[in-house]
Amino acid sequence: MEYKLDNKQNDKNKKRVALVTGSTSGIGLAIAKKLADDGFIIAFHSKSSISKGKELADSFENSSYHQADLSNSQNTRKLIDDVLNHHKRLDVLINNAGISKTIAHKNLKEASPDIWRELYEVNVIAPWILISEAEDALRKSSKDNGTSCIINITSHAGVRPKGASIPYATTKAALNHMTKLLALSLSPDIRVNAVAPGLVHTPMTASWEEAHHLWRERAPMKRGANPEEIAHIVSMLVSNTYITGEIVMVDGGLNLT
Ligand code: NAD
């Protein structure tokens, strides 16, 4: 790792830094805003909305913006270097960026190997690279203040046999399992948890009419979630100092029906 830790930045009273991937829209943006409200300096990230990212970084004190295509392993590694070079520390990593593909579960041939690889690259391999590159910095921050953590944004589709497609659901199940395995491997310095949303009103789901109908009809809460409701749970998991290895389902109770 190329960055050098600045001793002044090790001061417990210095503001902590959170990297939120995919934070220029949807759930990631809501998480970044909530963590900024909680007092974090935010490292914003996106694949392509560069001007929006820079605008966001300018509107939150000491925050930064970093562009990286997480389907490219080299770019993914460089993202952590960029954040550490800029802020000299990292306390919280939120693996939120993700992609989906809608394919009927019975239509096996449409779920081609290329689609499997594309989804795995962004939804599973990128979080793994980011975590492994961030490990040293997160352990270091943990020694300063005992609160380093990683939160993976997975999906209820990674817990129940449901979801936009079998490849998508499988990537989220993999990320849920990775969460538990890493909670063991990285303890006690770094807590690792996942938040598994059901339907959330974001650009990704704007055209998912069937899902919106399902949540209105069947979910005990009678609606999908707002991104802020997911961000609230993330903030709770970040502020807690004990919880690790948990997959927190936030689906308005749909899994009960
Ligand atoms: P969104 O499309 O608004 O956000 C996805 C983010 O991922 C974007 O900021 C985008 O820049 C980033 N991203 C996508 N591909 C990328 C790549 N190759 N490199 C870098 N960044 C990339 O969608 P959202 O609904 O806010 O989704 C956020 C996360 O929540 C995803 O992991 C998604 O799977 C998960 N999720 C969403 C829902 C839902 O109903 N919206 C439900 C369960 C889980």
Side-chain angles (χ1 to χ4, degrees), residues 19-34 42-53 56 65-80 82-83 93-102 115 117-127 129-130 151-160 162-165 167-176 178-179 194-215 219 221 223-231 233-234 247-252 254-255:
L19 166 61
V20 184
T21 65
S23 44
T24 57
S25 70
I27 296 170
L29 176 56
I31 293 171
K33 285 181 171 171
K34 176 69 180 132
I42 307 298
F44 287 89
H45 155 265
S46 73
K47 177 186 169 185
S48 51
S49 349
I50 298 173
S51 53
K52 171 89 190 205
L56 282 164
Y65 167 73
H66 309 268
Q67 186 276 332
D69 181 350
L70 301 184
S71 66
N72 174 311
S73 301
Q74 262 179 314
N75 278 354
T76 307
R77 256 178 228 110
K78 189 172 169 299
L79 173 58
I80 296 295
D82 288 351
V83 170
L93 168 62
I94 312 288
N95 281 313
N96 164 76
I99 51 173
S100 179
K101 277 270 192 278
T102 302
I115 287 175
R117 286 188 195 102
E118 188 187 341
L119 288 168
Y120 253 86
E121 199 64 57
V122 178
N123 293 357
V124 183
I125 297 170
I129 294 173
L130 293 173
I151 296 180
N152 296 319
I153 306 301
T154 63
S155 172
H156 78 124
V159 180
R160 309 169 68 227
K162 303 279 177 208
S165 64
Y168 173 73
T170 306
T171 62
K172 293 301 189 176
L175 192 52
N176 279 336
M178 190 200 294
T179 298
V195 170
L199 180 70
V200 187
H201 300 288
T202 69
M204 183 187 270
T205 60
S207 62
W208 295 8
E209 271 318 309
E210 224 177 285
H212 289 279
H213 180 75
L214 175 69
W215 254 266
M221 295 309 292
R223 61 174 177 87
N226 295 315
E228 292 71 24
E229 291 169 315
I230 307 302
I233 298 290
V234 169
I247 314 296
V248 181
M249 265 240 263
V250 193
D251 69 349
L254 187 75
N255 69 89

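Values below: every heavy atom of this structure, side chains too, minus hydrogens, waters and symmetry copies. Read the numbers this way: they start at 1 and go in the same order the structure lists the ligands and their atoms.
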Do ligand 1 and Lys172 have nitrogen or oxygen atoms that lie under 3.5 Å from each other?
yes

Please report whether ligand 1 has a polar contact with Ser23, defined as an N or O pair separated by less than 3.5 Å (distance criterion only).
no

The one among Ile230, Ile153, Thr154 that brings a heavy atom closest to atom 44 (C) of ligand 1
Thr154

Out of Lys52, His45, Lys47, who gets a non-hydrogen atom closest to atom 11 (O) of ligand 1?
Lys47

Numbering as shown, the atoms of ligand 1 that approach Leu199 to under 4.0 Å (heavy-atom distance)
40 (O)

Using side-chain heavy atoms (C-beta onward) and a distance below 4.5 Å, is His45 in contact with Val83?
no

In Å, rounded to the nearest 0.5 Å, how long is the span from CZ of Arg117 to CD1 of Ile115?
11.5 Å

Quick one: which of Ile94, Ile151, Ile233 gives a side-chain contact (heavy atoms from CB on, under 4.5 Å) with Ile31?
Ile94

Hey, is the main chain of Ala194 close enough, under 3.5 Å, to the side chain of Asn152 for a donor-acceptor pair?
no

Should you measure from each heavy atom of Val122, which atoms of ligand 1 turn up under 4.0 Å away?
18 (N)

Does some side-chain heavy atom of Leu56 sit less than 4.5 Å from a side-chain heavy atom of Leu29?
yes

What residue and atom, counting heavy atoms only, is the protein's closest point to atom 6 (C) of ligand 1, and at what distance?
Gly22 CA, 4.0 Å

May I ask you to list the atoms of ligand 1 that are less than 4.0 angstrom from any heavy atom of Pro203?
3 (O)

Heavy atom of Gly224, distance to ligand 1 below 4.0 Å:
no

Looking only at protein heavy atoms, which one is nearest to atom 27 (O) of ligand 1, and what is the separation?
Met204 CE, 4.0 Å

Closest non-hydrogen protein atom to atom 38 (C) of ligand 1, residue and atom name please, with distance?
Gly198 O, 3.9 Å

Using only atom types and a distance under 3.5 Å, with no angle test, would you say the side chain of Thr24 pairs donor to acceptor with the backbone of Gly53?
no

Does the pair Ser23 and Tyr65 meet the rule for a side-chain hydrogen bond (donor to acceptor under 3.5 Å, both in side chains), with working shown?
CA-CA 9 Å; Ser23 44; Tyr65 167 73; over 6 Å; no

Got Val234 and Lys34 here, is their nearest side-chain heavy-atom distance under 4.5 Å?
no

When you measure from the heavy atoms of Ser71 to every atom of ligand 1, does any distance fall below 4.0 Å?
yes

Thr205 side chain vs Trp208 backbone, donor-acceptor pair below 3.5 Å:
no

Which heavy-atom pair separates Val20 from Gly28 by the least distance, and what is that distance?
CG1-O, 3.6 Å

Distance from Arg160 atom CZ to Met249 atom CE, nearest 0.5 Å?
6.5 Å

Any idea which protein heavy atom is nearest atom 43 (C) of ligand 1, and the distance to it?
Pro197 O, 3.4 Å

Taking a cutoff of less than 4.0 Å between a non-hydrogen atom of the residue and any ligand atom, is His156 in contact with ligand 1?
no

Please check this pair: side chain of His66 against backbone of Ala43, looking for a donor-acceptor N/O pair closer than 3.5 Å.
no

So, Glu229 side chain and Asn226 main chain: donor-acceptor pair closer than 3.5 Å or not?
yes

protein heavy-atom neighbour closest to atom 4 (O) of ligand 1 works out as Ser25 OG, 3.6 Å

Do Thr21 side-chain atoms and Ala97 backbone N/O form a donor-acceptor pair below 3.5 Å?
yes

Is the shortest distance from a heavy atom of Trp208 to ligand 1 less than 4.0 Å?
no

Would Thr21 count as a contact of ligand 1 if the rule is a heavy atom under 4.0 Å away?
no

Any N or O of Gly28 closer than 3.5 Å to N or O of ligand 1:
no

What is the nearest protein non-hydrogen atom to atom 15 (N) of ligand 1, stated with its residue, atom name and distance?
Ile99 CG2, 3.3 Å

The reported gap from NE2 in His213 to CG in Leu199 (rounded to nearest 0.5 angstrom) is 13.0 Å

Are any side-chain N or O atoms of Thr154 and backbone N or O atoms of Leu175, one a donor and one an acceptor, separated by less than 3.5 Å?
no

Compute the minimum heavy-atom distance from Glu121 to ligand 1 and say whether it is under 4.0 Å.
no

Measure from atom 18 (N) of ligand 1 to every heavy atom in Asn123, Asp69, Asp251 and give the option owning the shortest one.
Asp69

Look at atom 36 (N) of ligand 1 and say which protein heavy atom is nearest, naming residue and atom and giving the distance to 0.1 Å.
Tyr168 OH, 3.7 Å

Leu70 to ligand 1: N or O pair under 3.5 Å?
yes

For atom 5 (C) of ligand 1, which of Gly98, Ala126, Ala30 has the closest heavy atom?
Gly98

Nearest protein heavy atom with distance in Å, relative to atom 13 (N) of ligand 1:
Ala97 CB, 3.9 Å

Name the orientation class of the two ring planes belonging to Trp215 and His156 (parallel below 30°, tilted from 30 to 60°, perpendicular beyond 60°).
perpendicular

Atoms of ligand 1, numbered as shown, that sit under 4.0 Å from any heavy atom of Ile27:
26 (O), 30 (O), 37 (C)

If you measure from each non-hydrogen atom of Ala157 to ligand 1, which part falls under 4.0 Å: side chain, backbone, both or neither?
neither

Report yes if Val200 has an N/O atom closer than 3.5 Å to an N/O atom of ligand 1; otherwise report no.
yes

Using distance alone, determine whether Thr205 and ligand 1 share an N or O pair under 3.5 Å.
no

